[in-house]
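Remarks on the structure that follows.
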Amino acid sequence: MSMGSPADRVIIFDTTLRDGEQSPGATLNVEEKLAIAHQLALLGVDVIEAGFAVASPGDFAAVKAIAEQVGIQGGPIICSLARATRQDIQAAAEALKPAARPRIHTMISTSDIHLQYQLKKSRSEVLAIASEMVAYAKSFVDDVEFSPMDASRTDREFLYEVLQQAIAAGATTINIPDTVGYCTPKEIGILIAGIREHVPNIHQAILSIHTQNDLGLATANALAAIEHGVRQVECTINGIGERAGNAALEEIVMALQVRKPFFNPYFGRAVDADAPLTNIKTQEIYKTSSLVSQLTGMLIQPNKAIVGANAFAHESGIHQDGILKHRQTYEIMEAGSIGLPENRIVLGKHSGRNAFRTRLKELGFELNETDLNKAFNRFKEVADKKKEISDWDLEAIVRDEMQIQVESGYQLEHVQVICGDCTCPTATITIVTPDGKILTDASVGTGPVDAVYQAINRLVQIPNQLIEFSVQSVTGGIDALGTVTIRLEYQERIFSGQASDTDIVVAAAYAYINAINRLYWYLQTKNEVLQSSATVSSR
Ligand code: KIV
C-alpha cells in the first residue's frame, strides 16, 4: 500500500498482546505470547502490537522473541508501544531489532483533563514532546505510529496541531484513540472527517482508529471511522482489553466481509467488487479465538458475536424451520467461514493414530511427533470413557495437551475424592514438585473441589485466593467433557488455568495446577529480577 493515497483495504492492527493483555487476569508468559503471535500471523493480521517493551523484563523478552520468531521476512509488522520518552523508545527499539519490519508506536495524552491531572504539562509542552519523540523514534525505525491519547476528548484545534507536528516529525501512521470509549459512531465520523479536513499533511500518513468498548460501541465506532476514511483498525481477539475491552477483530473483519457491498463504495470500488477488504483468513478466526480464550482464561460469553457458542445456534422453532428450508432465512454467514468445526462424531476408541492425525490436520492442528503422541494417549484415555469423540472433543483434548508448559512446574499425579451426602468431602492428591519430589497430602473441604484445592494448597504452599471457578460442557450428553476455567489471585495479580476431562473434579484439579504453575513461574521470574537487581546494586 502506498503512502499518500488511501489504502484500498483495511490494515488490521492486532493489539491482543498489548491492550488485550491489560485485561485483569489475562497475564501471559513469553511462551504463551509467542503461541498467540504465531497464530495471529496465520490469521493474516498486518501488524502485531507485541507488547510494551519497557513495562517489565517479561514484556521486553516477549516483544523480542516475537520480533525474532514471528517478525520474519514476509511476516507481519511487529510493533511495541512506547510512551513519548527516550527510555521507552530505546527499549522498544532494542526489543524490535530482530524484526524484519519493526514499528514503534509512541503515545502521549492530549486532552486537557489528562494534561492537567495526569501529565501536569501545558499544551505547548506536550506539542514539543510529541514531535521530539516521534523524531527520536524515527531515528531507530522508519515505521512510526503516533497516538494522541484521549484524542476523542481533546480540544479539536490542539489535536489538529499535534497531529500535523507528529506527521512533520516523521509519523507514518496516525492513530486516533477513543481511550475511554466515550464517543458514538456519529461523533467518531465527525472527528475523523475533521482531522482529514483540517490537518494539512494527513494524506502523508495512514489514519488509524483505536476504540474502547466502555459503552459497547467499539465495533460500531471503528466501522464508522472506516466509512470516514480510516484505513487501519486497532482491535483484539474476542474484544479483550483494558476495562470493557476493545473493538473485536472478528467483528470488524466479518462485518467488512459479510457487508462488503455496503463498504465497497467507501473504498472507491464498485458495490459488487469481489476482493476482500482485509487480509484476514477468516477460517482461522475460530481457532485464534479459542487459543486466546484458553491462554488468557477469559471465557467467551455464549452470545458473543461471531465466536460465542450460540453465535450459530438456532433455538426457536420458527428459526429452525426456516434454516431447514433455506439457510439464509436466518443466517447471514456460515459457521465454516470462521473455521468453526461442525460437531461431527468422528472418532472412537478403536480409531488409530493415523485417523487421529488426519482429523487433527483437517481441523488445522499440525502437531510434531512428541505432541501428537501426548495428544493421542490422552485421546485414548478419553475414548475409553466416552464412546464417541467429536471434533469439539478433539479440540479440547489437543488444547489441553498443548498447554504451554515449562519443565519446572508442578505435575499432578493422582486425584482421589470421596464425597456424598453422608460423608465429609475428602481429597487425596499426589503431585511432583518442580525439583522432582513426589508428595501426597489429603484435606477435607466444603465440597469435592474445595477439598481438592485445599489439598493442593497444603502441598504447594503458595498463598492464593480462588476468585472464579466455572465449568462448561464441551458437547451435550451425560458423558461430555467438561472444561473447567479458574482464576486465582495473588497480591492483586490474577492467574488463570483451564483443563478438560469427563470427570469435572479431575478437570478442576488440573485447571488449578495450571493456574498455580503460572503463579509459580511469575514468582520465579520476579525472584530472578530481584536477585539480579540485588547483585547489580551490591557491585
Ligand atoms: O486506549 C488508548 O488510548 C490506547 C493507546 C495507547 C492507543 O491504548
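Both counts, for ligands and for their atoms, begin at 1 and track the order of listing. This is a predicted model, so every value here is computed, not measured.
- Exactly one of V233, N221, D19 qualifies for a side chain to side chain contact (heavy atoms under 4.5 Å, CB included) with H210. That residue is D19.
- Scored by the side chain to side chain contact (heavy atoms under 4.5 Å, CB included) test, D142 finds no partners at all (sequence neighbours excluded).
- For E21 (side chain) and L28 (main-chain N/O), a donor-acceptor pair under 3.5 Å exists by modelled atom type.
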Does ligand 1 have any N/O atom under 3.5 Å from a protein N/O, and what are those pairs and their distances?
from, atom 1, to, atom 2, distance (Å)
ligand 1, 1 (O), H210, NE2, 3.3
ligand 1, 1 (O), Q212, OE1, 3.3
ligand 1, 3 (O), T179, OG1, 2.6
ligand 1, 8 (O), R18, NH1, 3.4
ligand 1, 8 (O), R18, NH2, 3.0
ligand 1, 8 (O), D19, OD2, 3.3
ligand 1, 8 (O), H210, NE2, 3.3

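- A salt bridge does not link K120 to E125: none of the charged nitrogens lies less than 4.0 Å from a carboxylate oxygen.
- A donor-acceptor pair under 3.5 Å is absent between the side-chain atoms of S289 and the main chain of V307, judged by distance alone.
- In summary, the side chains of D150 and T179 do not present any donor paired with an acceptor at a separation below 3.5 Å, with no hydrogens or angles considered.
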